[in-house]
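Below you'll find the structure, written out as structure tokens, and then a few comments.
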Amino acid sequence: MLMPRSLRDLGPSVTAVAEEIVDRLADGGEFDAVSDLAEAFSPRFVADLIGLPEEGRSQILEFGAATFDGLGPFGERTPDALRKQNSLLDYVSTTAARDRRAEGGLGARVWEAVDAGDIDEAAAITLMMAFLVTGMDTTILSLAAAVRLFAEHPDQWDALRADPSLVPAAYLEVLRIASPVTLFSRVTTRDWECEASPSPRAIVLNPVRA
């Protein structure tokens, strides 16, 4: 369902959303990289990716924020976060029910798997919730970071415009410099040596180190 070939099929729709937002922002001259670009693109992209109906899309950002607010020790944000998480569950299981999903979206594919007996309905709802929230904050933060880094390093932006094939390497470099996720880590159980040579096609943003 999320294999590279399946995701490549969704490329044209993702490009269309991105171009629509960028064209609108370019006409204005100035924009906020977080609210006007990243937060405008991510919920729209996720909703289209899944094939959700227009109704309820305005709540997607709140659902994503509530997921993170509900993690960790109990605090002043926890009760409201839990209420919004329940709303997310209700949205996934009712408003975004199987008969209201756009054909070809990931949501439709999830329910096709249910009909085929590959997964049960409870697993389908869990998958839908995962699609809605897990990529939201990371996409928003990484897109905003990319804009900031290229603004700080205009020579690298010029290099990228001159050779768009560098985009994948450039985005990986953004993730390396300004990781949108700092909560998780992995620890080796034994000594391990890694030898790597820089890619000749890599783009380097050369961040200022503290």
Side-chain angles (χ1 to χ4, degrees), residues 7-69 77 80-81 84 87-88 91 95-96 102 105-107 130-183 201-210:
L7 293 178
R8 279 196 296 269
D9 294 341
L10 299 169
S13 62
V14 175
T15 300
V17 172
E19 289 181 346
E20 176 188 329
I21 293 173
V22 170
D23 288 345
R24 173 172 50 81
L25 295 178
D27 289 339
E30 294 184 359
F31 65 92
D32 186 299
V34 176
S35 59
D36 297 334
L37 175 61
E39 289 186 348
F41 173 75
S42 299
R44 171 89 174 273
F45 161 63
V46 171
D48 287 347
L49 180 70
I50 298 173
L52 297 177
E54 291 296 328
E55 180 185 353
R57 287 189 176 198
S58 60
Q59 304 175 78
I60 292 178
L61 273 179
E62 292 184 18
F63 289 153
T67 299
F68 287 95
D69 286 344
R77 296 183 180 182
D80 185 54
K84 288 179 179 177
S87 297
L88 170 60
Y91 176 66
T95 304
L106 290 179
F131 289 155
L132 272 173
V133 301
T134 54
M136 192 70 61
D137 278 37
T138 51
T139 305
I140 290 171
L141 294 173
S142 60
L143 284 176
V147 174
R148 176 179 66 82
L149 286 169
F150 280 116
E152 293 174 347
H153 303 276
D155 60 316
Q156 298 298 296
W157 175 243
D158 290 340
L160 192 64
R161 293 184 66 187
D163 185 0
S165 68
L166 291 173
V167 169
Y171 200 74
L172 288 176
E173 189 71 356
V174 169
L175 295 177
R176 183 185 70 81
I177 296 170
S179 174
V181 178
T182 59
L183 179 64
R201 299 185 62 77
I203 186 167
V204 180
L205 294 174
N206 297 320
V208 176
R209 300 187 183 278

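FYI, side chains are in, hydrogens and waters are out, and symmetry mates aren't considered; it's all heavy atoms of this structure. Bear in mind the structure is a predicted one, so any value in this text is a computation, not a measurement.
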Sequence neighbours left out, what passes side-chain hydrogen bond (donor to acceptor under 3.5 Å, both in side chains) with Asp158? Give chain and number order. none

Over all atoms of both residues, closest heavy-atom pair of Ala170 and Leu160: CB-CD1, 3.9 Å

Not counting sequence neighbours, list each pair that qualifies as a salt bridge (Lys or Arg N to Asp or Glu O under 4.0 Å) and has a residue in residues 10-20. Glu20-Arg44

Please examine the side chains of Leu175 and Ser142, heavy atoms only from C-beta on, and report whether any two atoms are closer than 4.5 Å. yes

Residue list, side-chain hydrogen bond (donor to acceptor under 3.5 Å, both in side chains) with Thr139, at least two apart or on another chain: none

Contacts of type side-chain hydrogen bond (donor to acceptor under 3.5 Å, both in side chains), residue Glu152, not counting sequence neighbours: Arg148

Using salt bridge (charged side-chain N to carboxylate O under 4.0 Å, His left out) as the criterion, list what pairs up with Asp80, not counting sequence neighbours. Arg83, Lys84

Of all residues at least two apart in sequence or in a different chain, which pass the side-chain contact (heavy atoms from CB on, under 4.5 Å) check with Val14? Phe41, Phe45

Let me check something: any side-chain donor-acceptor pairs from residues 22-34 under 3.5 Å, sequence neighbours excluded? List them with distances.
residue, atom, partner, partner atom, Å
Asp32, OD1, Val34, N, 2.8
Asp32, OD1, Ser35, N, 3.1

Contacts of Leu61 meeting side-chain contact (heavy atoms from CB on, under 4.5 Å) (sequence neighbours excluded), chain-then-number -> Glu39, Pro43, Met136, Ile140

When every non-hydrogen atom of Ile21 is compared with those of Leu37, the smallest separation belongs to CG2-CD1, 4.0 Å

